Protein chains: 2
Amino acid sequence: MADACQHHHHDGPPGAAEVERALDAAGTRLTAEGERMTAARSRVLALLLAAGEPVKAYDLIARFGEDGQPAKPPTVYRALEFLERKGLAHRIASISAYVACTSGGRDHAAAFLICDCCGTTREVSSPVAGDLGRAADAAGYAIERTTIEAHGRCPACRIAV
Amino acid sequence: MADACQHHHHDGPPGAAEVERALDAAGTRLTAEGERMTAARSRVLALLLAAGEPVKAYDLIARFGEDGQPAKPPTVYRALEFLERKGLAHRIASISAYVACTSGGRDHAAAFLICDCCGTTREVSSPVAGDLGRAADAAGYAIERTTIEAHGRCPACRIAV
DNA sequence: TTTGTGATGTTATCTCATAACACTCCGCCT
DNA sequence: AGGCGGAGTGTTATGAGATAACATCACAAA
């Protein structure tokens, strides 16, 4: 997925220290909420954070074991479901991939700008309160969750190639 | 998918005559554009129109043959890809289903209000030009296509149950 | 009529995701 | 300490969604 194209990109994955910090923060918050940051959950979140871009579930499964041993699918899917429920990760439906939440946030609506060239994404605050919310109001719908994903080219990929 | 709940809903599927008319219009337009409305494409579009709500690909596959014989998956997936490319159908990524376009439109961006109770959807004009477009502009992204799906409850389902 | 392009038929396989059930861990109550 | 209960995990198997690859066919343009 990443680096399908050859040119250079900014915004590489965070270093180990940053991952560690985000992981700690997540663990602290979960504990405060009475949830448990178990080994599987922590590992999956660490993989997502380290990747810094959307990752396929089966890539997480393959990378799960520190020793190279893959996980069983339910292990990872359960962790993903939990992380998503807690707002620590998001599923990108249009590409069936998962990404760590970058907006610090609890369970919140998110929107994504996805570069089809280099595979990176940018999470932006969801416009649920905006156009879509107005359309829903007009139609009498009560919105509970949204999937908002825009595909295109990031600034770097617009220039290059 | 439909009628998971028991109460009554408005907006049932269109009658055979309406399907026929929409099918004719699509065929005419495609011919004018130099495209071919083949049997498989026509059949898949007819199924989508008759359903009037999102349909899973494998349901289309199962219903494909008039005699009850299922189609082979590629037959239906190819037709869906074509119809989507021509703006006659849309994929709803968040539920992996397909729906006939109800905005008369060529290839256009669409947004959907999806009722998780009764399974119906409502296509609304895409707010690409709105919040999301502004977010993309601000971030320097060039958007090529969007996936905008809001889940919740339709007016009928908000009242009932 | 030839020829090339787009569409279809067919087989096989790949990817994505979850059902079901046994078992374990851990906090809590007594 | 003992034992209950709920959340989490391990494991097997399977269901659901989608596509690769290649042979064949239909059709309009040359």
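Because the structure is a prediction, the values reported are computed rather than measured. Chain naming here is simple, since letters A, B, ... match the order of the sequence lines and numbering starts at 1 in each.
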Distances for protein N/O vs nucleotides 13-17 of chain D N/O pairs under 3.5 angstrom?
{"unit_1": "D:dG17", "atom_1": "OP1", "unit_2": "B:Lys56", "atom_2": "NZ", "d": "3.1"}

Kindly indicate whether the side chain of [X], heavy atoms from C-beta on, has any atom under 4.5 Å from the side chain of [Y].
X	Y	value
A:Met37	A:Leu45	yes
B:Glu123	B:Cys101	yes
B:Arg63	B:Pro70	no
B:Val44	B:Leu83	yes
B:Tyr77	B:Ile61	yes
A:Leu132	A:Ile148	yes

When the distance from [atom1] of [X] to [atom2] of [N] is rounded to whole Å, what number comes out?
X	N	atom1	atom2	value
B:Ile61	D:dT19	CD1	C1'	11 Å
A:Phe82	D:dG6	CZ	C1'	15 Å
B:Leu30	D:dC27	CG	P	17 Å

Worksheet item: Under 4.0 angstrom, heavy atoms only, what part of the nucleic acid is A:Arg78 near: base, sugar-phosphate, or nothing?
Response: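 A:Arg78: base contact, heavy atoms under 4.0 Å.
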Discussion item. So, applying side chain to side chain contact (heavy atoms under 4.5 Å, CB included) with A:Phe112, which one of A:Val99, A:Ile95, A:Val124 is it?
Written reply: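 Option passing the side chain to side chain contact (heavy atoms under 4.5 Å, CB included) with A:Phe112: A:Val99.
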Discussion item. If the test is side chain to side chain contact (heavy atoms under 4.5 Å, CB included), which one of A:Glu84, A:Arg78, A:Arg85 qualifies with A:Phe82?
Written reply: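 Exactly one pass, corresponding to A:Arg85.
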Discussion item. Between B:Glu149 and A:Thr147 (side chain of the first, backbone of the second, donor and acceptor by atom type, cut-off under 3.5 Å), is there such a pair?
Written reply: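 Checking the backbone N and O of A:Thr147 against the side chain of B:Glu149, no donor-acceptor pair under 3.5 Å is found.
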Discussion item. With a 3.5 Å distance limit and no angle check, can you tell me whether A:Arg41 reaches the backbone of A:Arg36 through a side-chain donor-acceptor pair?
Written reply: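 Between the backbone of A:Arg36 and the side chain of A:Arg41 there is a qualifying donor-acceptor contact (under 3.5 Å).
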Discussion item. Expected output is a numbered-order residue list: members of residues 38-46 of chain A with a heavy atom under 4.0 Å from any atom of DNA chain C. What is it?
Written reply: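 Here the set is empty: none.
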Item to complete: Dump the intermediate steps for salt bridge (Lys or Arg N to Asp or Glu O under 4.0 Å) on B:Arg134 and B:Asp131, then the final yes or no.
Response: CA-CA 5 Å; B:Arg134 276 188 291 279; B:Asp131 299 314; 3.0 Å; yes
Worksheet item: Reading DNA chain C 5' to 3', which nucleotide is the first, and which the last, to come under 4.0 Å of any heavy atom in chain B?
Response: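 Footprint of chain B along DNA chain C, 5' to 3': C:dA7 to C:dT11.
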Worksheet entry | First encountered from the 5' end of DNA chain C, between B:Lys72 and B:Arg36 |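 The residue closer to the strand's 5' end, by nearest nucleotide, is B:Arg36.
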